[in-house]
Colleague: 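Next up is a structure, given as structure tokens.
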2 protein chains.
Amino acid sequence: MTASQPSTTAEELRGAGLRVTAARVALLDTVRDGDHLDVESIASGVRDRVGHVSLQAVYEALYALTAAGLVRRIEPAGSPARFEGRVGDNHHHVVCRSCGAVADVDCAVGEAPCLDASDDHGFSIDEAEVIYWGLCPGCSTTRSS
Amino acid sequence: MTASQPSTTAEELRGAGLRVTAARVALLDTVRDGDHLDVESIASGVRDRVGHVSLQAVYEALYALTAAGLVRRIEPAGSPARFEGRVGDNHHHVVCRSCGAVADVDCAVGEAPCLDASDDHGFSIDEAEVIYWGLCPGCSTTRSS
DNA sequence: TTCGTTCTCTTGAATGATTCAGGTTTATGA
DNA sequence: TCATAAACCTGAATCATTCAAGAGAACGAA
Ligand SMILES: [Mn+2]
Ligand SMILES: [Mn+2]
Ligand SMILES: [Zn+2]
Ligand SMILES: [Zn+2]
């Protein structure tokens with residue numbers, strides 16, 4: 001009864017200073033179960049779990065959870081924002097130029113910032129984001145065959 | 001008279017299979033003189049040189065010149081597309097989180113792709129794009145002072 | 001020089017992701 | 001139980017970019 005169990009999704013939300021609502025629990029679960037989902041996909045995942053939720057609420061919740069560090073937002077050029085539950089480890093992504101598929105790539109160097117700029121122009125850099133562009137297995141066989 | 005002089009902007013356009021128009025010469029010059037300009041800035045630079053040009057024509061020309069490899073497009077998350085004349089050398093960028101300022105960073109490793117993914121997930125990678133995020137000199141003094 | 005083809009440019013409308021606005025409901029802790 | 005701020009709702013607005021389709025112009029061939 002008094003034990004502090006491994007934190008549930010609800011407890012994580014509360015721990016981040018956010019209120020616990022069915023929609024936000026469902027949203028965090030959806031993002032974590034998914035794989036770099038876009039906002040529409042997240043909204044439909046949330047609705048599958050708890051019924052109607054406005055797209056607006058999804059945007060607001062994603063903003064709040066991103067600010068709280070519970071989810072991470074990535075935005076490859078030319079595609080809408082995508083969200084993932086893997087946070088705090090400065091990993092990178094491969095993106096398919098043809099179909100937009102995204103996959104994780106561990107950081108080749110170490111912690112963030114994982115790369116030193118050769119000349120930082122006086123900027124104080126806090127993150128090095130790497131996107132590898134290419135073709136996913138499916139798209140490259142389609143093209144070459 | 002018969003000499004093949006160092007190529008002019010016009011000759012470069014022709015060499016890329018594009019027609020030579022005042023607007024496109026002006027556009028290429030504008031992009032080269034500028035420093036990671038956005039579309040509006042390019043349009044106004046072009047207009048300063050040759051008078052009225054529709055924004056649509058600017059978009060189309062940028063598309064054509066990008067496809068031809070004469071200009072390069074970058075699109076940091078959260079800001080409109082920017083274009084530059086420095087092409088073919090796989091360099092990277094530092095972007096200010098506060099004001100959006102962009103500066104060049106030479107590739108730390110070598111040719112494109114300058115980085116090997118630790119696990120490419122079967123993707124055939126042709127480019128590694130790196131964006132260093134931080135604060136420019138101006139924005140960081142503003143915040144810390 | 002003239003022509004025809006195709007590229008380029010134009011105006012005007014449409015898209016689509018995201019954000020803004022303002023009002024209502026609800027979680028939370030006092 | 002209550003007050004308050006957070007969360008949520010509907011509806012409208014923004015903004016960069018793209019789509020459409022007709023008019024104009026570059027340029028290689030005749
Ligand atoms: Mn990831
Ligand atoms: Mn550059
Ligand atoms: Zn693909
Ligand atoms: Zn700045």
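Computed from heavy atoms alone, side chains included, the values below leave out hydrogens, waters and symmetry copies. Just so we're clear, the structure is a prediction, and the values are computed from it rather than from any experiment. Letters A, B, ... mirror the listed sequences (proteins, then strands); counts begin at 1.
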Colleague: Using whole Å, what does the distance between atom P of nucleotide D/dA16 and atom CD of A/Glu75 come to?
Modeller: 14 Å
Colleague: Between B/Glu60 (CD) and D/dA25 (P), how many Å, whole number?
Modeller: 16 Å
Colleague: Tell me: CG of B/Leu62 to C1' of D/dT18, nearest whole Å?
Modeller: 14 Å
Colleague: I want to check one thing: is the phosphate of C/dT10, taken as OP1 and OP2, less than 4.0 Å away from some side-chain N or O of B/His52?
Modeller: yes
Colleague: How many Å lie between CD on A/Glu40 and C1' on C/dT15, as a whole number?
Modeller: 14 Å
Colleague: With a 4.0 Å limit, can you tell me whether B/Thr21 has a side-chain N or O closer than that to the phosphate oxygens OP1/OP2 of C/dC9?
Modeller: yes
Colleague: Is any side-chain N of the basic residue among A/Arg97 and B/Glu127 closer than 4.0 Å to the acidic one's carboxylate O?
Modeller: yes
Colleague: To the nearest 0.5 angstrom, please state how far the CG atom of A/Leu55 sits from the CD atom of A/Glu60.
Modeller: 10.0 Å
Colleague: So which nucleotide from D/dC8, D/dA7, C/dT10 ends up closest to the side chain of A/Ala23?
Modeller: D/dC8
Colleague: In sequence, state the C-alpha distance, the side-chain angles, and the governing distance for A/Arg82 and A/Asp35, and then conclude on salt bridge (Lys or Arg N to Asp or Glu O under 4.0 Å).
Modeller: CA-CA 9 Å; A/Arg82 292 162 174 276; A/Asp35 184 59; over 6 Å; no
Colleague: Please assess B/Asp33 against B/Thr30 for the test side chain to side chain donor-acceptor pair (under 3.5 Å), listing each intermediate value before the final yes or no.
Modeller: CA-CA 5 Å; B/Asp33 286 353; B/Thr30 298; over 6 Å; no
Colleague: To the nearest 0.5 Å, what is the distance between OH on B/Tyr59 and OG on B/Ser54?
Modeller: 11.5 Å
Colleague: May I have the distance from B/Arg73 (atom CZ) to D/dA16 (atom P), rounded to whole angstrom?
Modeller: 13 Å
Colleague: Taking atom types as they are modelled, is there a donor-acceptor pair under 3.5 Å from the base of C/dT19 to the side chain of A/Gln56?
Modeller: yes
Colleague: Remember a base hit wins even if backbone is also touched, and classify A/Ala81 as base, sugar-phosphate or nothing at under 4.0 Å, heavy atoms.
Modeller: sugar-phosphate
Colleague: Going by modelled atom types, is there a donor-acceptor pair between the base of D/dA5 and the side chain of A/Arg19 at under 3.5 Å?
Modeller: yes
Colleague: Considering just the side-chain nitrogens and oxygens of B/Arg14, establish if one lies under 4.0 Å of OP1 or OP2 belonging to D/dC27.
Modeller: yes
Colleague: What is the distance from CD1 of B/Ile74 to C1' of D/dA16, rounded to the nearest Å?
Modeller: 16 Å
Colleague: Could you state the atom-to-atom distance from CD of B/Glu11 to C1' of D/dC27 in whole Å?
Modeller: 16 Å
Colleague: Tell me the interatomic distance from A/Leu27, atom CG, to D/dA6, atom C1', rounded to whole angstroms.
Modeller: 16 Å
Colleague: If you check the A/Arg24 side chain, which of C/dC9, D/dC8, C/dT19 turns out closest?
Modeller: D/dC8
Colleague: DNA chain D: B/Leu18 or B/Tyr59, which has the more 5' nearest nucleotide?
Modeller: B/Tyr59
Colleague: How would you label the contact of A/Ala57 with the nucleic acid (heavy atoms, under 4.0 Å): base, sugar-phosphate, or nothing?
Modeller: sugar-phosphate
